[in-house]
Amino acid sequence: SVVGLVPLRAGGRRVGLVGGLDKERALLGGHPLLAWTVRAAIDSGVFTDVIAVTASQPHAAVAEKYGAKSVQRPDYTVEDRSPDIEWVHWFFGGEEKYDAFAILRVTSPQRSAATIRAAWDKFRTTPGAHSLRTVRRVSEHPGKMWVQRNGILLPLLPFSPVDQPWHSSPTQGLFECYIQTAGLEIAWTEVVLETRTIAGSVVLPWVLGGVEAIDINTRYDWDEAVELVEAGMIDPPESLR
């Protein structure tokens, strides 16, 4: 049995209100942003249950309208710096209620039902895997990033070759590097109970590209997503069309 968990904090300060609504309930392509994720999860057919882990009744009502179940999360799990393990561990309560779980975040609305199915198939058939998460190739390479110490710039990654530092090398010649997206995280429930982490130590990659790799984290991201919808470049899940 597999549960799809859709975390909802009623936050989103970086995006701000859109039409008087927080980003989770704001309309994108005629439907609340959270509906895109709920319906993709349900349409995938992977999950025994799709459950919105909410911080407010209005969010729960919207999630339920689009077919999810809902549970109210404790206040201590919705602080700005609250790690995911807090609400995930609370949800399971020390019990293996499901064999596996997935976290599907509403800020990645274009991850498709087909992607969810394919990622689940890879995860469940890979021996020894603790978890899987979606990633994309970085657009800004960490080999060219710096930190300041006492007014001096120091490389963020100090282990580059002495004769040709990464910060002075062509980007296309640097090692491949990936950043996680909000699209999908899958793990065995026993990982949470035994290690008190949501990922464990053996993490499989699922590389996304194009519109599926879009994350809506800022107002600029939101406006760009609206433009892509209006241009017909991204569509809601099939069951919302």
Kindly list each side-chain donor-acceptor pair under 3.5 angstrom involving residues 221-228, sequence neighbours excluded, with atom names and distances?
unit_1, atom_1, unit_2, atom_2, d
Asp221, OD2, Asn217, N, 3.0
Asp221, OD2, Thr218, N, 3.1
Asp221, OD2, Thr218, OG1, 3.2

For residues 233-241, tabulate all N or O donor-acceptor pairs below 3.5 Å that involve a side-chain atom, not counting sequence neighbours.
unit_1, atom_1, unit_2, atom_2, d
Ser239, OG, Arg39, NE, 3.0
Ser239, OG, Asp43, OD1, 3.1
Ser239, OG, Asp43, OD2, 2.7
Arg241, NE, Pro236, O, 2.7
Arg241, NH2, Pro236, O, 3.1

ring-ring contact (aromatic ring centres under 6.0 Å, His included) partners of Phe175, counting only residues at least two apart: His141, Trp166

So, using ring-ring contact (aromatic ring centres under 6.0 Å, His included) as the criterion, who are the partners of Tyr66 when residues are at least two apart?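 Testing Tyr66 for ring-ring contact (aromatic ring centres under 6.0 Å, His included), a comparison that skips the adjacent residues, returns His31.
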
Is Val3 isolated, or which residues cluster with it under the ILVMFWY side-chain rule of less than 4.5 Å, directly or via members?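 Leu5, Ile51, Val53, Val71, Tyr76, Ile85, Trp87, Val88, Trp90, Phe91, Phe92, Tyr98, Phe101, Ile103, Val192, Leu193, Ile198, which link up through side-chain heavy atoms under 4.5 Å apart, make up the rest of the cluster.
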
Per the salt bridge (charged side-chain N to carboxylate O under 4.0 Å, His left out) rule, what does the pair list look like for residues 186-196, sequence neighbours excluded?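 Sorted result for residues 186-196: empty, none.
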
For Glu185, is there an ion pair with Arg105 - N to carboxylate O distance below 4.0 angstrom?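 Yes, Arg105 and Glu185 are salt-bridged.
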
Any carboxylate oxygen within less than 4.0 angstrom of a Lys/Arg side-chain nitrogen, looking at Lys69 and Glu64?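 No.
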
Interatomic distance, NE2@His130 vs OG@Ser201, rounded to 0.5 Å, equals 4.5 Å

Return each pair, listed once, that meets side-chain hydrogen bond (donor to acceptor under 3.5 Å, both in side chains) where at least one residue sits in residues 111-124; pairs must be two or more places apart or across chains. Thr37-Arg111, Ser112-Thr115, Ser112-Glu212, Thr115-Glu212, Asp121-Arg124

I'd like to check the salt bridge (Lys or Arg N to Asp or Glu O under 4.0 Å) partners of Glu140; sequence neighbours left out, ordered by chain and number.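 Glu140 satisfies salt bridge (Lys or Arg N to Asp or Glu O under 4.0 Å) with no residue once adjacent residues are dropped.
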
Residues in side chain to side chain donor-acceptor pair (under 3.5 Å) with [X], at least two apart?
| X | result |
| --- | --- |
| Arg219 | none |
| Arg136 | none |
| Thr189 | none |

Residue pairs passing the ring pair (Phe, Tyr, Trp, His ring centres under 6.0 Å) test where at least one lies in residues 197-218, sequence neighbours excluded: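 Pairs touching residues 197-218 that pass the test: none.
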
